[in-house]
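Reviewing the structure listed below.
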Amino acid sequence: MTNNDFLLPKSFYLRDDVVQIAKELLGKTLVTRQNGAARKGKIVETEAYRGYDDKACHASNGKRTPRTEVMYREGGCAYVYLCYGIHHLFNVVTNVAGKADAVLIRAVEPLDGDWSDRHPKTKTSNGPGKLSKAMGITMEMNTARLTGENDIWIEDAPDIVGTSIVASTRVGVDYAGEDALLPWRFYICNNDWVSKK
DNA sequence: GGTAGGATTACCT
DNA sequence: GGTAATCCTACCC
């Protein structure tokens with residue numbers, strides 16, 4: 001399978017600080033493979049979700065269901081969630097087994113591969129829904145490991161020096177009360193692919 | 001077994 | 001700027 005020197009090691013995902021991981025994922029490369037062709041995108045927008053005490057997280061307060069089960073897995077898994085019946089949202093599970101932390105990947109900037117048939121001409125917005133469509137992410141990817149055994153993985157990209165990273169509140173989590181105010185959304189400043197500025 | 005709701009987007013007025 | 005589309009998950013009988 002993937003034998004790639006840039007592949008992020010499992011230890012990257014196993015750390016305890018999901019907010020830090022969300023920040024570090026910015027600028028790294030998300031890769032999916034379909035029909036043998038790799039499609040690469042630079043991660044430009046992420047959000048951190050913490051299982052332990054974050055009401056915005058599906059697995060908040062120790063809630064454990066068949067859907068959220070994957071979030072309790074060892075870091076390095078994909079958690080794909082269908083929102084509003086239409087949009088697939090892609091998360092990266094982090095932390096050790098038993099801790100339901102995850103990083104939501106909200107936007108990527110297209111790199112290699114042919115994206116012409118994946119992005120409609122409308123440039124009004126970019127968000128997790130379009131990201132999943134563009135990368136071909138579906139429920140099939142749910143629970144897939146990102147460490148090289150499957151058709152989706154993340155590569156290191158250390159050369160984002162000088163890039164401005166902005167922290168802000170997360171999107172669409174108003175229901176989470178005071179936790180909605182946490183500055184756990186990170187994006188790359190002045191990037192056209194960020195969903196919201 | 002049935003129903004309410006959601007980490008959104010596109011299209012209409 | 002408002003709202004329809006759309007379907008899986010969770011929770012309550």
Side-chain angles (χ1 to χ4, degrees), chain A residues 13 18-23 25-26 28 30 32 41 43-73 75 77-95 99-110 115-144 146 152 154 165-188 191-197:
Chain A
Y13 304 104
V18 65
V19 176
Q20 179 65 24
I21 294 174
K23 252 186 282 192
L25 278 174
L26 286 177
K28 302 213 182 304
L30 176 66
T32 60
I43 296 170
V44 296
E45 185 176 357
T46 64
E47 288 180 12
Y49 285 85
R50 191 168 62 186
Y52 176 61
D53 59 356
D54 177 10
K55 287 198 271 299
C57 181
H58 286 158
S60 68
N61 215 10
K63 190 163 59 177
R64 193 161 185 153
T65 68
R67 179 177 65 155
T68 58
E69 186 67 28
V70 62
M71 296 181 81
Y72 289 90
R73 287 200 191 185
C77 286
Y79 170 42
V80 180
Y81 163 69
L82 184 66
C83 175
Y84 288 84
I86 307 174
H87 307 291
H88 295 282
L89 305 189
F90 172 64
N91 301 254
V92 178
V93 177
T94 68
N95 215 325
K99 298 276 190 69
D101 291 358
V103 176
L104 169 66
I105 309 297
R106 285 186 56 88
V108 300
E109 175 186 336
W115 294 66
S116 56
D117 60 330
R118 299 288 176 156
H119 269 277
K121 289 174 185 171
T122 51
K123 284 188 173 179
T124 50
S125 63
N126 289 286
K130 281 195 177 175
L131 153 71
S132 308
K133 203 169 167 186
M135 298 295 288
I137 292 169
T138 68
M139 292 302 288
E140 306 268 310
M141 302 281 194
N142 196 25
T143 74
L146 301 171
I152 180 167
I154 298 176
I165 292 176
V166 183
S168 77
T169 53
R170 292 172 294 180
V171 177
V173 291
D174 297 340
Y175 62 87
E178 57 195 21
D179 285 341
L181 301 176
L182 293 169
W184 283 1
R185 170 173 176 247
F186 304 98
Y187 59 93
I188 292 179
N191 187 293
D192 290 339
W193 293 90
V194 172
S195 62
K196 202 164 138 191
K197 294 183 180 152

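Computed from a prediction, not measured in an experiment: that's the story for all the values here. We name chains A, B, ... by the order of the sequence lines, and we start the count at 1 in each one.
The backbone N or O of Met135(A) lies less than 3.5 Å from a partner atom in the side chain of Thr32(A), making a donor-acceptor pair.
The distance between atom CZ of Arg64(A) and atom P of dC11(C), rounded to the nearest whole Å, is 15 Å. The interatomic distance linking His88(A) (NE2) with dC7(C) (C1') rounds to 10 Å, in whole Å. To the nearest angstrom, C1' of dT9(B) lies 8 Å from NZ of Lys130(A). To the nearest angstrom, C1' of dA4(C) lies 12 Å from NE2 of His87(A). What separates CD of Glu45(A) from P of dT8(B) is a distance of 10 Å, to the nearest Å. Atom CG of Asp54(A) is separated from atom P of dA7(B) by 12 Å (rounded to the nearest Å). Atom CD1 in Ile86(A) sits about 17 Å away from atom P in dT3(C), given to the nearest Å. Taking atom CD on Glu47(A) and atom P on dG6(B), their separation rounds to 16 Å, with Å as the unit.
Using a 4.0 Å cut-off, some side-chain N or O of Arg106(A) falls inside it from OP1 or OP2 of dT8(B). Between His58(A) and the phosphate of dA7(B), there is a side-chain N or O to OP1/OP2 separation shorter than 4.0 Å.
Side-chain atoms of Arg64(A) and Tyr72(A) form no donor-acceptor pair, as typed in the model, at a separation below 3.5 Å. For the residue pair His58(A) and Tyr49(A), no side-chain donor N or O sits within less than 3.5 Å of a side-chain acceptor on the partner.
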Using atom names, set out every protein N or O paired with an N or O of nucleotides 8-10 of chain C below 3.5 Å, distance rounded to 0.1 Å.
from	atom 1	to	atom 2	distance (Å)
dT9(C)	O3'	Arg67(A)	NE	3.1
dA10(C)	OP1	Thr65(A)	OG1	2.1
dA10(C)	OP1	Arg67(A)	N	3.2

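At the heavy-atom level, Tyr79(A) lies under 4.0 Å from base atoms of the strands shown.
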*Watson-Crick or G-U pairs under 3.5 Å in DNA chain C, rendered as dot-bracket with [ ] for crossing pairs and | for another strand*: |||||.||||||.
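Counting heavy atoms from C-beta on, the side chains of Val18(A) and Val103(A) come closer than 4.5 Å. In this structure, Val80(A) and Asn91(A) have side chains that are not in contact, with every pair of non-hydrogen atoms separated by 4.5 Å or more. By the 4.5 Å heavy-atom criterion applied to side chains, Arg170(A) and Leu182(A) are counted as neighbours.
Surrounding CD of Glu140(A) are at most 12 heavy atoms belonging to other residues, nucleotides or ligands under 6.0 Å away.
Interatomic distance, Glu109(A) CD to Leu131(A) CG, rounded to the nearest 0.5 Å: 13.0 Å.
Using a 5.5 Å limit on the distance between ring centres and a 30° limit on the angle between planes, the aromatic ring of Tyr49(A) counts as stacked on the six-membered base ring of dA7(B).
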*Step by step, would you call Asp179(A) with Arg50(A) a salt bridge (charged side-chain N to carboxylate O under 4.0 Å, His left out)?*
CA-CA 11 Å; Asp179(A) 285 341; Arg50(A) 191 168 62 186; over 6 Å; no
